[in-house]
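This report refers to the structure that appears directly beneath it.
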Amino acid sequence: MLAKLSRRPGLRRCALAATAALTLLGAGLPTATANRNGDGDDRPDLSRFYGQKVTWSACTGDGMPDDLQCAKLTVPLDYARPKAGTLDLALARYRATGDKRGSVVLNFGGPGGAGVPELAYSGKEFMDLTDSYDVVTFDPRGVGRSSPVSCGDGEENGLGALDDDSALADPRALLARLKQAAADCTKHSGPVLPHIGTVDAARDLDVLRRALGDKKLNYLGFSYGTRLGAVYAARFPDRVGRLVLDGVDTLTEPLTEQGVAGARGQQVALDDFIGWCAKDIACPFGQDPRLGREEVVRLVRSLDEDPVPTDFGDDFSGQDLVGALGQGLYSRELWPLLERALAQLIESGDASGVLGFVTGGFAFPLPLPVPLRAPGRVEPSPGALVDEENVPLDNLPAALMAINCADDPDRPTAAQFTTGLERLRTAYDKASPVFGQYRLTEVLMCYGRPKGTDFIREEVKDLHTPKMLLVGTRGDPATPYRWTVETAQRLGSSAVVLDNKGEGHTGYGSSKCVHRKVDDFLMYGSLPPSGSSCGPDEDDD
């Protein structure tokens with residue numbers, strides 16, 4: 001999944017609290033055997049990592065729940081050369097209150113979403129699981145407090161590359177701008193950047209499993225977290241416990257196609273929102289849905305031409321509004337808030353309401369505030385955990401781009417880029433006149449970066465693991481339902497599909513039926529028949 005980004009660091013400071021580049025497979029994925037590493041690989045020696053135990057203590061920081069515990073896990077920077085350096089990963093857990101059968105590990109998506117703050121703010125969603133498990137999450141490598149990557153000014157400069165039509169007139173200048181943005185990301189990210197990506201994150205996940213004392217990994221992944229779970233299952237099939245993938249990501253489509261699908265899905269969700277809003281006399285776009293959709297396009301263009309000032313230093317542009325819309329459309333529960341925020345913007349030029357929606361795309365977009373960070377940028381410390389206040393403001397979009405690019409093996413040549421740019425722009429604009437430019441800009445940011453791994457596209461298929469539960473939501477604006485079906489077919493007979501006939505991104509947090517069936521599988525091993533469904537009214541099927 002391609003999450004939505006705010007291009008402006010000042011605006012990201014007031015975002016809601018929500019919710020590991022190239023992996024050289026030939027050198028980095030030795031055959032797993034039972035040997036001197038215990039549960040690890042024979043070569044190179046990973047015993048020091050697989051032999052560690054997690055030491056938990058109370059979490060520190062503003063707003064951390066009293067019953068949430070935190071810790072760290074040490075993993076190799078480079079699995080092919082484990083003596084070359086290490087990384088610490090930030091962990092958090094809610095302890096089991098019932099008859100503990102191990103741990104269940106959560107990943108909330110992104111990519112680039114920090115797990116620790118998300119579990120802190122949305123932990124109530126998972127309290128039923130503590131009857132059987134410690135509920136554990138982590139900040140993946142390059143994310144949050146775990147050696148966070150950053151792009152400095154390169155992130156904003158690159159993401160603004162398509163702000164006007166000059167890019168189409170001079171694509172070579174655009175290429176130079178994107179290459180400079182990639183160089184800026186390398187400069188500001190430190191040694192973790194060449195080792196960030198889902199294949200490395202899956203190996204970290206296995207070290208975590210062993211450190212938690214579990215023989216098998218029990219796992220609940222949302223959105224991008226489904227990609228991580230599928231890669232883990234392919235890499236460590238004999239260590240798969242009960243795996244749930246909710247909001248299933250594609251394993252085969254290139255980033256360009258993912259972006260088009262995402263733009264199209266968001267446009268459908270926007271059209272549904274406008275239709276819902278038009279039934280309310282207070283709808284700022286009026287009572288005609290067709291005219292309302294046109295008004296949204298005009299509003300975005302107007303704000304791109306003449307952004308409105310904010311209290312946070314940066315003006316609020318049309319593309320910032322696009323990011324806010326994308327987040328607000330993730331869940332129908334947010335639509336009333338989104339309607340009021342848009343009315344505030346349109347009627348009085350006050351962007352403070354929509355600023356609350358400017359955040360990355362996560363599985364649980366909950367409207368919870370976070371403290372504002374001081375302006376300025378602190379370079380991430382290599383290896384050790386960084387303090388929360390020193391996480392770079394652009395970490396989420398920088399990590400999203402780094403991970404997606406590291407997972408994608410397609411890199412067009414300069415000639416292919418320049419000749420295909422206009423065609424791409426047309427395809428994205430056709431998919432969505434509102435979200436097309438935004439989505440295309442995200443994809444273009446891979447230019448100038450190393451070619452990504454082909455492991456996911458070529459090796460994550462035909463798995464021989466215990467049954468896995470895949471949840472697809474029919475009205476998901478970010479991960480289309482067809483991706484659930486296609487991924488299930490690709491994974492093979494191990495995949496069991498639950499069809500959630502509802503709306504919004506992922507099902508666990510919005511459907512009582514999905515929530516119950518996922519919990520029944522994780523806690524009791526009770527799987528619904530493949531192809532069974534949950535209705536939009538959240539009743540039993």
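All values below come from the heavy atoms of this structure, side chains included, with hydrogens, waters and symmetry mates left out.
Residue pairs meeting the salt bridge (Lys or Arg N to Asp or Glu O under 4.0 Å) criterion with at least one member in residues 96-117, sequence neighbours excluded: Lys100-Asp134. Within the structure, salt bridge (Lys or Arg N to Asp or Glu O under 4.0 Å) pairs that include any residue of residues 474-486 comprise Glu253-Arg482, Arg474-Asp499, Arg482-Glu486 (at least two apart or interchain).
Proximity of Cys70 to Thr60: side-chain heavy atoms (C-beta onward) are nowhere separated by under 4.5 Å. For the pair Glu388 and Arg145, the minimum side-chain heavy-atom distance is below 4.5 Å. With contacts defined as side-chain heavy-atom distances shorter than 4.5 Å, the pair Ile196/Val149 qualifies. Using a 4.5 Å heavy-atom cutoff, the side chains of Asn107 and Phe222 are not in contact. In this structure, Val231 and Ile456 have side chains that are in contact, with non-hydrogen atoms separated by less than 4.5 Å. Side-chain contact check for Leu89 versus Leu208: every heavy-atom pair is 4.5 Å or farther apart. No side-chain heavy atom of Lys72 sits less than 4.5 Å from a side-chain heavy atom of Leu91.
Heavy-atom neighbours of Lys216 NZ from other residues, nucleotides or ligands within 6.0 Å: above the threshold of 12.
With 3.5 Å as the limit, one finds a donor-acceptor pair spanning the side chains of Thr198 and Tyr224. Side-chain contact of His505 with Ser223: a donor-acceptor pair under 3.5 Å is present, judged by distance alone. No hydrogens or angles considered: a donor-acceptor pair under 3.5 Å links the side chains of Asp88 and Thr74. Between the side chains of Asn500 and Thr473, at least one donor N or O sits under 3.5 Å from an acceptor N or O.
Ionic pairing of Asp206 and Arg203 is not present here: no N-O contact between side-chain nitrogen and carboxylate oxygen is shorter than 4.0 angstrom. Salt bridge present: Arg457 and Asp408 bring a charged side-chain N and a carboxylate O closer than 4.0 Å.
A ring-centre distance under 6.0 Å is found for Phe126 and Tyr508.
Residues satisfying the salt bridge (charged side-chain N to carboxylate O under 4.0 Å, His left out) criterion with Arg332, sequence neighbours excluded, are absent altogether.
In this structure, CZ on Arg93 lies 12.0 Å from OG1 on Thr130, to the nearest 0.5 angstrom. Distance check, rounded to the nearest 0.5 Å: NZ of Lys517 to OG of Ser526 gives 8.0 Å.
For Ser150 (side chain) and Ser189 (main-chain N/O), no donor-acceptor pair under 3.5 Å exists by modelled atom type. Panel note: side chain Arg141, backbone Pro148; no donor-acceptor pair is recorded below 3.5 Å.
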side-chain hydrogen bond (donor to acceptor under 3.5 Å, both in side chains) evaluation trace for Arg439 with Gln258
CA-CA 9 Å; Arg439 287 292 195 169; Gln258 292 182 45; over 6 Å; no

Please evaluate residues Asp204 and Tyr79 with respect to the criterion side-chain hydrogen bond (donor to acceptor under 3.5 Å, both in side chains), reporting the C-alpha separation (whole Å), side-chain torsions for both, the decisive distance (0.1 Å), and the verdict.
CA-CA 9 Å; Asp204 294 342; Tyr79 277 91; 2.7 Å; yes

